[in-house]
Amino acid sequence: MLIATWNVNSVRTRLSQIINWIKEVNPDILCLQETKVIDDAFPSSHFEELGYEVIIHGQKSYNGVAIISKFKIENVKKGFTNENKTGGISIDINEQKRLISAEINGLKIINVYVPNGSSIDSEKYDYKIQWLNYLSAFLDDQVKNDDLVCLVGDFNIAPSEIDIHTPQKYEGGIMASKIEREALNNVLKGRFIDSFRIFEKNTGHWSWWDYRNNAYELNKGWRIDHIYISKNLSSKLKSCVIERNQRENLQPSDHAPVLINLEIDSHYEDYLDVDDDLFEI
DNA sequence: ATGCCCCCACATTGGGGA
């Protein structure tokens, strides 16, 4: 079972690239971030034509998340369903559309677009930490011990210095600060595994390259897009790859997809009716 | 480097992203 995450930086601008990649890779579940479109204008039909079901949680211009699945999608939750148990400033944490979750083929799929935070002295940084604290409480509420969980998305955090092209320049700054990493660790609470690091221990592997400064051509990237799986799925994890060739498309997203292969039984009665001819070249 | 690029919208400039 192939599960992917991709910050596409506008689903409408990137639609043909996403469709081409789906036809090439044939993922079972694709989680999108930064769709940047209201639900009524989401191009669902293009995915449904390929045999996928689509759930969306979007807004105008900014943010927006979606899950595209070959399997029946159940128990859909849009935004946080928990109250704020973390204290802090009074905010409507669901105003920005950054979280969508559901149950698919026996898995709990949680798709997040964590706020960037701008810089560590910004109000947006406080919002980012607050948002991560909500996510931690949400997982406490939603995830039971034996649940099979995939927590995926754009986290806007490099988990360690080996996830940054020039750590000595960026360590301690936005996406690389101690407080952000502690907030992320509090979300994971030792109950999740970073799929990518099961297979690759070295630096030099990125999922995001800034549009500016010729960053991709210079391979100056960060690894900020992650697929975390619950520990009870670890024996099923067969691979995790970053599809960096998608960053070489014409008018690419600044992020590349991240893809895992989980060897789990499929509930074929839940499988949507797919015309296999659509995936032939 | 307060710059760079890219997306969106009450658009031809400004806000936001990472």
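All figures in this text were calculated on a predicted structure; none of them were measured in a lab. Below, all heavy atoms of this structure are taken into account, side chains as well, without hydrogens, waters or symmetry copies. Throughout, protein chains are lettered first and strands after them, A, B, ... in sequence-line order, and every chain is numbered starting at 1.
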field: Euclidean distance for P, B:dG17 against B:dG3 (whole angstrom)
entry: 15 Å
field: Spacing of the C1' atoms in B:dT12 and B:dC7 (rounded, Å)
entry: 15 Å
message: Please determine whether a side-chain nitrogen of the Lys or Arg among A:D147 and A:R191 lies less than 4.0 Å from a carboxylate oxygen of the Asp or Glu.
response: no
field: P gap between B:dC8 and B:dA18, integer Å
entry: 14 Å
field: Atom pair distance, as rounded to whole Å: CG in A:N214 and C1' in B:dG3
entry: 15 Å
Which donor-acceptor pairs under 3.5 Å do side chains of residues 214-221 of chain A form with protein atoms, sequence neighbours excluded?
from, atom 1, to, atom 2, distance (Å)
A:Y216, OH, A:R244, NE, 3.2
A:Y216, OH, A:R244, NH2, 3.1
A:Y216, OH, A:E248, OE2, 2.6
A:N219, OD1, A:W206, NE1, 3.4
A:N219, OD1, A:W209, NE1, 3.1
A:N219, OD1, A:R244, NH1, 3.4

- request: Please state the P separation for the pair B:dC10 and B:dC5 - nearest whole angstrom.
  value: 26 Å
task: For a side-chain contact (heavy atoms from CB on, under 4.5 Å) with A:I242, tell me which candidate from A:H255, A:R223, A:E200 qualifies.
output: A:R223
query: Expressed as a whole number of Å, how far does the C1' atom of B:dG15 sit from that of B:dT2?
result: 15 Å
- request: Mind telling me whether A:H165 and A:W222 have parallel, tilted or perpendicular rings, with 30° and 60° as the class edges?
  value: perpendicular
- prompt: What residue pairs, at least two apart or across chains, pass salt bridge (charged side-chain N to carboxylate O under 4.0 Å, His left out) with a residue in residues 166-181 of chain A?
  reply: A:K128-A:E180, A:E171-A:R181, A:K178-A:E182
message: Would the distance check show the side chain of A:R14 and the main-chain N or O of A:Q251 forming a donor-acceptor pair, the cut-off being under 3.5 Å?
response: yes
message: Generate the contact string for nucleotides 8-18 of chain B. Rules: B means base contact, S means sugar-phosphate contact only, - means no protein heavy atom under 4.0 Å.
response: SSS-----SBB
